[in-house]
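Read through the structure below, which is laid out as structure tokens, and then see the notes.
What you see below is based on every heavy atom in this structure, not just the backbone, and it leaves out hydrogens, waters and symmetry mates. Each chain gets a letter, A, B and so on, in the order its sequence line appears, and its residues count up from 1.
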Amino acid sequence: MRRGAGAPESGEPPSTSIRSIGERAGQEVALRGWLYQSRSSGKVAFLLVRDGTGIIQCVVSKAEVAEEVFEAARQATQESSVVVTGLVRRDDRAPGGYELSVTDFRTYQTAEEYPISPKEHGVDFLMSHRHLWLRSRRPHAVLSIRSTVVQALRMFFEREGFVLVDAPIFTPSAPEGTTTLFETEYFGGKAYLTQSGQLYMEAAAMAFGKVYCFGPTFRAEKHKTRRHLNEFWMLEPEMAWAGLEDVIDLSERMVVDAIRAVLEKRRRELETLERDPARLEAVRAPFPRLSYDEAIRVLNERGCSIEWGADIGGDEETVLAEGSEQPLFVHRFPRELKAFYMAPDPEDARLALGVDLLAPEGYGEIVGGGVRAESLDYLDEQIRKHGLPPEPLEWYRDLRRYGSVPHAGFGLGLERLIAWLTGIDHVRETIPFPRTMNRIYP
RNA sequence: UCCUCGGUAGCUCAAUGGUAGAGCAACCGGCUGUUAACCGGUUGGUUGCAGGUUCGAGUCCUGCCCGGGGAGCCA
């Protein structure tokens, strides 16, 4: 730890973290943190102190400490930064199982009146104070799980032999149409914030075989729903010499592994969020698979009148997913519904080799991907049909000129995955500082 | 862009067209084991903005602003 202001004073017992405080039972330790909440009576004060790793109740008895220590503890305000010294004691009355019998207490900085009280608040108010809200239990748990999932995903792709190839944020054009991109000035010209690293990953896959990128993605659509953000994180693997089954198999194992990591490392956080781990333990590969043809039939059987060729929207997704605890693959969509780079199904020319993975419990599409068109002629035809300007895609066409191979990949929406795993009903709570149509502050 | 709901104290909300209130927070006091502690007290308001109807508008009408949820689109 850095020496200087707030650093341990000579004679002070060793510092510890609240997460691992059980290892110091019976010993005297110093905690550096913030006052989360306090209650006091005339002779005893109960302080909930958090240090970023956990929360512990600290008990200050007037009879056992100096007068000024008791006063300092009693007068410390919510979220003041504090240094607490005391004896670690097992106590079943304490939440967490341990508490600290305080021997010394000092306030490092006295916090002004803290806007977030222990009582209820509306989402908009809390989001306006997101920089402070991060300290509260719920966001702390969600973002801890996010960290674990990101870590697990990176390790998963590492184990699978994928090479991380970062895609650019500034891009020269809008491959899927110009309306949905954020435009920015770029040395007198125009640039757009990336809406997908996929095209770049296709280039990288021809260099490394199996690659992935993982970074922020931007969409300028004015959507305001629980499943959308204007800035979100997407993980996009791409594989050379691969087909639709490889995409399905890889995404399935990826999801199973992310769940394993959360169940292994973040039980406590799931409990804080009142997320029943049984919902996640129930998820087992292989996930059910449904072709678009079958999905349309099932939807009509369940009372949705939807014609072949129509897109499966949010309501339809919910109907398909209901009654199952498993994520659901839907594959082989009508070509007209999908992007220009999708490969046609060799067994049915009406279809494209695409696949979506729908999360259970109404969390919607968490993965979208498929096989990419490998023939230059077919690609050019699709570029024409979609009315796209060919010049910015010249480099992409090169990939079909120089050793084109069957290749496939997908995009994973990190926030949607986290929302499902945590049981949070809105993706804006699964990213530290959400960017939505009506919010770019703080 | 469209549909829908909403905007009253720092926060969460109440108030039949008739004196703008409660709980929490903050502050002061009390209490030796509290778990969103409890008890007593104090402070706290341009009812989103503009106009209209009315003896009288937080409440009714018109316009605007801001936000929530949803659609389209997607991860």
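The separation of B:U42 from B:U16, taken at their P atoms, amounts to 27 Å, rounded to a whole angstrom.
Sorted by first then second residue, the ring pair (Phe, Tyr, Trp, His ring centres under 6.0 Å) pairs that include residues 33-62 of chain A, not counting sequence neighbours, number zero.
Contact annotation for A:R428: backbone-only contact, meaning every heavy-atom pair under 4.0 Å involves sugar-phosphate atoms and none involves a base. Here A:D311 lies in heavy-atom contact (under 4.0 Å) with sugar-phosphate atoms only. Using a 4.0 Å heavy-atom distance criterion, A:R74 is classed as making no nucleic acid contact. In this structure, A:H129 reaches neither bases nor backbone, as no heavy-atom distance under 4.0 Å exists between it and the strands shown. Contact annotation for A:K62: no contact, since no heavy-atom pair falls under 4.0 Å across all strands.
You'll find the side chain of A:V82 reaches within 4.5 Å of the side chain of A:F105, heavy atoms only.
Regarding A:I116, its CD1 atom lies at a distance of 17 Å from the P atom of B:G10, rounded to whole Å. The distance from atom CE of A:M201 to atom P of B:A75 is 16 Å, rounded to the nearest whole Å. For the pair A:R227 CZ and B:G70 P, the interatomic distance rounds to 7 Å; values are reported in whole Å.
Residue whose closest nucleotide on RNA chain B sits further toward the 5' end, between A:G368 and A:E113: A:E113.
Pairing for B:A26 goes to B:U42, judged as Watson-Crick or G-U wobble with the two contacts each under 3.5 Å. For B:U1, the paired nucleotide is B:A71, the pair qualifying as Watson-Crick or G-U wobble because both relevant distances are below 3.5 Å.
By the criterion of a centre-to-centre distance under 5.5 Å and near-parallel planes under 30°, the ring of A:F46 forms no stack with the base of B:G33.
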